[in-house]
Amino acid sequence: MIEAALLNQILVATGMGLVGAIVFAAIGLVSGTDETTTLAPLTLLVVLLGVPPEGVFTFFLAAAVAKHMTHAVPTALLGIPGDTMATPLLQDANVLRNLGVPHIALRKMVSGAIIAAFIAVPLAVLFAVLLAPYGAAITKAAPWIFVVAAVAIAYFSSGRWASVATLVPFVMVIVALQALTGKYGVKLSISYFLGIAIGPLVADLFSVISPAARARMKRDKVRTFSLAPDVKGWTGYFPNPFKVLDRTQVKWTFATATISSATFVFSPVAMTVVLGELVGSRIKHAYHRLTTTLAARNGVTEATYIAEALIPLIAIGLPLSPVAAGPAAPLFNAPPVFTINSATGQTHNLHNLLNHWEFLGYGMLAVVLAALVAYPFTMNFARRAALFVSRKVSHEAIIATFVGLIVVISVWEGQLLGLLVILTMGLLGGLLSRAIGFNTGVQFMGYYTAVLTVPAVIKAFS
């Protein structure tokens, strides 16, 4: 009976991991598809549909790993970032594209990603297990830790002190909205989360209907892209990443992935930039420096995402990192399935439903599935895929799909008030992100500060 139950869990995890890998390998090809805007709502949908914990976890991790492989395609071949995490890769990728070797940049990036993913899962689980004995103390102190983490993440965002100062009014807006919806007997949580997640999208939609903003967005001509011919340098369908990268590149990929697997409170973009600069400063030859930096940086995008989701999830159960508070938030808090008690900080989520060995096993399964789907596809069909996406795929259709999904979820949770909260949080957050760099990671920490810290402060001083 136990073996049958375990086999059923593995089959569910495998199926959901394949779905996540296939869907987000495709989404990663579309430039500008931010992780929070895409990965978070679909993971939330998977949770709310009642998928078992192992299926939810494998879906999320396989999706994240696959997306951070295929996001290299528009970045390297088209010169536009595949998502937020690909932005630090763009400058070096453009240099190689101008040199006529974008396919080399792409292969280095994707090979660095697959190696880093296999390194990051066991190391992140190990670091989480080492931190776990302090989990109870951290949970008890959670309301105060969230304030510290929010300030730290705000300071390391592009807004710096402006983001830190903006935390106070942003938190007050959330508290005020909670009081307003509570007056009508409506308690919302998902709607706040989704509003923050799609903030840049909401800001863009409002900008389109503004004559002043629309005038700034107009272009004189259609944007054009140049794609270099594809050159295949291997035989077979699945190239060996250790042969695509040279020994120095493998060494730096290992080193940077190990470092980023041990951290979980810093901005993923900042980690990518800093570790990329570290690698670049150690290599003199210009071409070798570019290719090595790209391999290491894309490896960091994988390792940082994995570590920032897994370490807080396994060790504490609270979203104490930018990734955990953003794209991975449904793994922590997705009422009524996964919950965090705002009064006590107690959790009922994947932290409580999976053990350390299950996180390791299903995590490695997710990476294997993503590698089998995204890696050979990207290495063999990147040019054709980029050509198809740039010519045939409508960005408006993708945006409309996610808008429809979010409207359905918000109305399900809070009817008209849920939808109004999403619009309010989305517009406010999107404009703040665009104007002063108050990004979604900081906004999520502001949300958790509002629901955990503010009640604790009121209780302490009442």
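The shortest distance between side-chain heavy atoms of Phe170 and Met425 falls below 4.5 Å. Counting heavy atoms from C-beta on, the side chains of Val110 and Met379 come closer than 4.5 Å. A heavy-atom distance below 4.5 Å is found between the side chains of Leu360 and Pro122. Two residues are said to be in side-chain contact when any heavy atoms from C-beta on lie closer than 4.5 Å; Gln249 and His288 meet this criterion. Phe24 is not listed as a side-chain neighbour of Val65, based on a closest heavy-atom distance of 4.5 Å or more. Side chains of Trp252 and Arg282 form a contact here, defined as non-hydrogen atoms less than 4.5 Å apart. Between Lys67 and Leu39 there is no side-chain heavy-atom pair separated by less than 4.5 Å. Within the 4.5 Å cutoff, no side-chain heavy atoms of Thr70 are placed close to those of Ile27.
Put simply, CD1 on Ile174 and CG on Leu188 are 12.0 Å apart, with the number rounded to the nearest 0.5 Å. Interatomic distance, Leu123 CG to Ser260 OG, rounded to the nearest 0.5 Å: 9.0 Å. Here the CG-CZ distance, from Asp204 to Arg434, works out to 4.5 Å after rounding to the nearest 0.5 Å. Atom CG of residue Leu310 and atom CG of residue Leu126 lie 12.0 Å apart, to the nearest 0.5 angstrom. The CG atom of Leu365 sits 12.5 Å away from the CE atom of Met16 when rounded to the nearest 0.5 Å. Leu11 contributes atom CG, which lies 10.5 Å from atom CD of Glu54 (distance to the nearest 0.5 angstrom).
Salt bridge annotation for Glu302-Arg297: absent, with no cationic side-chain nitrogen under 4.0 angstrom from a carboxylate oxygen.
Looking at every heavy atom in both residues, Leu245 comes nearest to Ala295 through CD2-CB, 3.9 Å. Across Leu318 and Pro312, no two heavy atoms sit closer than the pair O-CB, 3.3 Å. Across Ala21 and Ala66, no two heavy atoms sit closer than the pair O-CB, 3.6 Å. Here the closest heavy-atom approach between residue Pro330 and residue Pro327 is recorded as CD-O, 3.5 Å. What you find for Phe438 and Val442 is that their closest heavy atoms are CE1-CG1, 3.4 Å. Heavy atoms only, all atoms of each residue included: Ala25 and Val373 are closest at CB-CG1, 4.4 Å.
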(request) Apply side-chain contact (heavy atoms from CB on, under 4.5 Å) to the pair Asn240 and Val244, showing each step before the final yes or no. (result) CA-CA 6 Å; Asn240 185 346; Val244 176; over 6 Å; no
(message) If you apply the rule side-chain contact (heavy atoms from CB on, under 4.5 Å), what do you find for Thr14 with Leu369, and how did you get there?
(response) CA-CA 8 Å; Thr14 302; Leu369 293 171; 4.2 Å; yes
(request) Before giving the answer on side-chain contact (heavy atoms from CB on, under 4.5 Å), spell out for Tyr362 and Ile10 the whole-Å C-alpha distance, their side-chain angles and the decisive distance to 0.1 Å. (result) CA-CA 8 Å; Tyr362 292 126; Ile10 293 173; 4.3 Å; yes
(message) As a quick check of understanding, evaluate side-chain contact (heavy atoms from CB on, under 4.5 Å) for Val368 and Phe118, giving each step before the final call.
(response) CA-CA 8 Å; Val368 168; Phe118 279 101; 3.8 Å; yes
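Among residues at least two apart or in separate chains, ring-ring contact (aromatic ring centres under 6.0 Å, His included) pairs with a member in residues 54-83 are Phe57-Phe359, His68-His71, His68-Tyr305.
Between Phe332 and Phe338, a ring centre-to-centre spacing not shorter than 6.0 Å is recorded.
Checked against Ile306 for a side chain to side chain contact (heavy atoms under 4.5 Å, CB included), the options Ile311, Ile119, Val121 give a single hit: Val121.
Judged by distance alone, with hydrogens and angles left aside, the side-chain atoms of Gln443 form a donor-acceptor pair with the main-chain N or O of Gly429 at under 3.5 Å. In this structure a side-chain-to-backbone donor-acceptor pair under 3.5 Å is present from Ser281 to Leu278. Between the side chain of Asp92 and the main chain of Leu89, no donor-acceptor pair closer than 3.5 Å is present.
Side-chain contact annotation: Asn333 with Thr339, donor-acceptor N/O pair under 3.5 Å absent.
Residues satisfying the salt bridge (Lys or Arg N to Asp or Glu O under 4.0 Å) criterion with Asp246, sequence neighbours excluded, are absent altogether. Taking Ala296 as the reference, Thr256, Val279 meet the side-chain contact (heavy atoms from CB on, under 4.5 Å) condition, with sequence neighbours excluded. For Leu96, the side-chain contact (heavy atoms from CB on, under 4.5 Å) test picks out Leu99, Val101, Ala105, Tyr287, Leu290, Thr291, Leu294, with sequence neighbours left out. Residues satisfying the side chain to side chain donor-acceptor pair (under 3.5 Å) criterion with Thr301, sequence neighbours excluded, are Asn298. Every side-chain contact (heavy atoms from CB on, under 4.5 Å) that Val164 has, sequence neighbours left out, goes to Val151, Ala154, Tyr155, Trp161.
Ring planes of Tyr375 and Phe238: tilted class, angle from 30 to 60°.
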